[in-house]
Amino acid sequence: KRFEKDENSHAVEILGFTGQVGNILGYLGVYFGLSLTTRISQLIGSGDRATASHLVSDVFYLTILASSIFVAAFVFVIPPFLKFVGTPDYMLKPSFTYLVPSLVMMPITNIATIGMYYLQSIGNSILSGCVKIFTYVLQLALFSPLFLFGFNVSTTFMKIGSILAGIVTAIVMTILMY
């Protein structure tokens, strides 16, 4: 609704061309989250809570490090990938700049994913689902409407609501985990 009357926003095209890249950005957090869930559950089941506690911290730090390295490398892969999926030349720069905030904040938003998987690993899947719902409510009911309609952000920052919801979730989950 925010961009339907702005012919120069190209919001739908940007979302279409960057959709797969957005999915790929989330896979690293899912990878570490699944690894965490598998191993922590096994350690807790065998009664080794001390090792499980240390492993959570190690995965937390490894996620930040790997995400930072991934972002640094992926910045160079995005333009050729956008070209490969058929992004027209006039849409390359807007599509890339749309992805920059997601890339920059990826280490922190992956921590939100790790937090949800942590809850699953300790056997609290319902709370994990509630945290996911809380994140979506923050995004869809508060941050996205605020930035899109309140601050009238450009297409470059139309994903800022999702990013902020992930940051809030990451901060809350980190505080609760530690």
Side-chain angles (χ1 to χ4, degrees), residues 15 17-82 84-85 95-140 142-144 157-178:
L15 291 173
F17 291 127
T18 61
Q20 293 305 317
V21 175
N23 289 338
I24 291 169
L25 295 178
Y27 292 153
L28 193 63
V30 171
Y31 169 76
F32 283 111
L34 289 172
S35 300
L36 182 76
T37 301
T38 303
R39 187 68 177 135
I40 296 301
S41 299
Q42 180 187 22
L43 289 170
I44 290 173
S46 66
D48 193 359
R49 290 183 177 272
T51 303
S53 176
H54 290 291
L55 185 60
V56 169
S57 291
D58 291 344
V59 169
F60 185 88
Y61 297 130
L62 188 59
T63 299
I64 292 172
L65 177 65
S67 295
S68 299
I69 292 169
F70 183 83
V71 166
F74 209 66
V75 164
F76 300 104
V77 175
I78 290 175
F81 181 80
L82 289 172
F84 174 75
V85 297
S95 296
F96 181 76
T97 55
Y98 166 75
L99 290 168
V100 168
S102 296
L103 281 168
V104 170
M105 297 312 296
M106 186 180 149
I108 296 172
T109 54
N110 277 341
I111 294 303
T113 303
I114 293 297
M116 287 180 252
Y117 279 101
Y118 165 77
L119 291 171
Q120 285 184 342
S121 72
I122 62 172
N124 207 336
S125 297
I126 292 173
L127 185 56
S128 177
C130 290
V131 169
K132 187 71 166 174
I133 291 169
F134 169 75
T135 304
Y136 283 136
V137 167
L138 275 179
Q139 175 190 348
L140 299 173
L142 178 64
F143 291 130
S144 288
F157 297 108
M158 64 183 168
K159 191 158 176 92
I160 200 80
S162 173
I163 293 168
L164 283 176
I167 290 170
V168 169
T169 303
I171 290 169
V172 169
M173 289 303 301
T174 301
I175 290 169
L176 292 176
M177 284 170 46
Y178 286 97

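These numbers come from the heavy atoms of this one structure, side chains and all, not from hydrogens, waters or symmetry mates.
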Checklist outcome for this item: Minimal heavy-atom distance between A170 and T174, with the atoms involved, is O-OG1, 2.7 Å
Item to check | Minimal non-hydrogen separation, V71 against P107, with atom names | outcome: CG2-CD, 4.4 Å
Checklist outcome for this item: In terms of heavy-atom contacts, G26 and N110 come closest through O-OD1, 4.4 Å
Next on the checklist: Any heavy-atom pair between the side chains of V137 and F134 that's under 4.5 Å?
Outcome noted: no
Next on the checklist: Can you tell me how the ring of F84 sits relative to the ring of F81, calling it parallel under 30°, perpendicular over 60° and tilted otherwise?
Outcome noted: tilted
Next on the checklist: Applying ring-ring contact (aromatic ring centres under 6.0 Å, His included) to Y178 and F60, what does each step give before you reach the verdict?
Outcome noted: CA-CA 11 Å; Y178 286 97; F60 185 88; 5.5 Å; yes
Checklist outcome for this item: Between F17 and L82, the two heavy atoms sitting closest are O-CD2, 3.5 Å
Checklist entry - Do L25 and L103 come within less than 4.5 Å of each other through their side chains, counting heavy atoms only? => result yes
Checklist entry - Looking at T109 and I163, what are the two nearest heavy atoms and their distance? => result CG2-O, 4.0 Å
Checklist entry - Is there a side-chain contact between T113 and T63, using heavy atoms and a 4.5 Å cut-off? => result no
Next on the checklist: Run the side chain to side chain contact (heavy atoms under 4.5 Å, CB included) test on L164 and I167 for me, step by step, so that the C-alpha distance in whole Å, both residues' side-chain angles and the decisive distance to 0.1 Å come before the verdict.
Outcome noted: CA-CA 5 Å; L164 283 176; I167 290 170; 4.3 Å; yes
Item to check | Atom pair NE2/CG of H54 and L43 - distance to nearest 0.5 Å | outcome: 11.5 Å
Next on the checklist: Using 0.5 Å steps for rounding, measure from the CG atom of L140 to the OG1 atom of T135.
Outcome noted: 10.5 Å
Next on the checklist: For a 4.5 angstrom cut-off between non-hydrogen side-chain atoms, does V172 reach I175?
Outcome noted: no
Checklist entry - Are the side chain of S128 and the backbone of M116 linked by a donor-acceptor contact shorter than 3.5 Å? => result yes
Checklist entry - Is a side-chain donor or acceptor of T38 paired with a backbone partner of L34 at a separation under 3.5 angstrom? => result yes
Checklist entry - Under a 4.5 Å cut-off applied to non-hydrogen side-chain atoms, are K159 and T18 in contact? => result no
Checklist outcome for this item: Correct closest heavy-atom pair for I44 and A52 would be CG1-CB, 4.2 Å
Item to check | Interatomic spacing from CE in M158 to CG in L15 - rounded to 0.5 Å | outcome: 4.0 Å
Checklist entry - Is there side-chain contact between V59 and R39, with at least one heavy-atom pair below 4.5 Å? => result no
Checklist entry - What distance separates S67 OG from M105 CE, expressed to the nearest 0.5 Å? => result 11.5 Å
Checklist entry - How long is the span from the CZ atom in F32 to the CG atom in D58, to the nearest 0.5 Å? => result 11.5 Å
Item to check | Enclosure of F157 CZ (heavy-atom neighbours >12, cutoff 6.0 Å) | outcome: no
Item to check | Nearest-0.5 Å distance, CZ of residue F70 to CD1 of residue I24 | outcome: 7.0 Å
Checklist entry - Any chance the side chains of S35 and Y117 put a donor and an acceptor closer than 3.5 Å? => result no
Checklist entry - Would a 4.5 Å heavy-atom cut-off, applied to side chains only, mark M173 and I111 as touching? => result no
Next on the checklist: Could you go through V56 and L36, starting from their C-alpha distance and side-chain angles, then the distance that decides it, and tell me whether this counts as side chain to side chain contact (heavy atoms under 4.5 Å, CB included)?
Outcome noted: CA-CA 7 Å; V56 169; L36 182 76; 4.0 Å; yes
Checklist entry - Is there a side chain to side chain contact (heavy atoms under 4.5 Å, CB included) between Y118 and I40 once you walk through the steps? => result CA-CA 8 Å; Y118 165 77; I40 296 301; 5.6 Å; no
Checklist entry - Counting N and O atoms only, with roles assigned by atom type, does the side chain of S121 sit under 3.5 Å from a partner on the main chain of S41, one being a donor and the other an acceptor? => result no
Item to check | Close side-chain approach of Q20 and V85, heavy atoms under 4.5 Å | outcome: no
Checklist entry - Any donor and acceptor pair, going by atom type alone, linking the side chain of S144 with main-chain N or O of Q139 inside 3.5 Å? => result yes
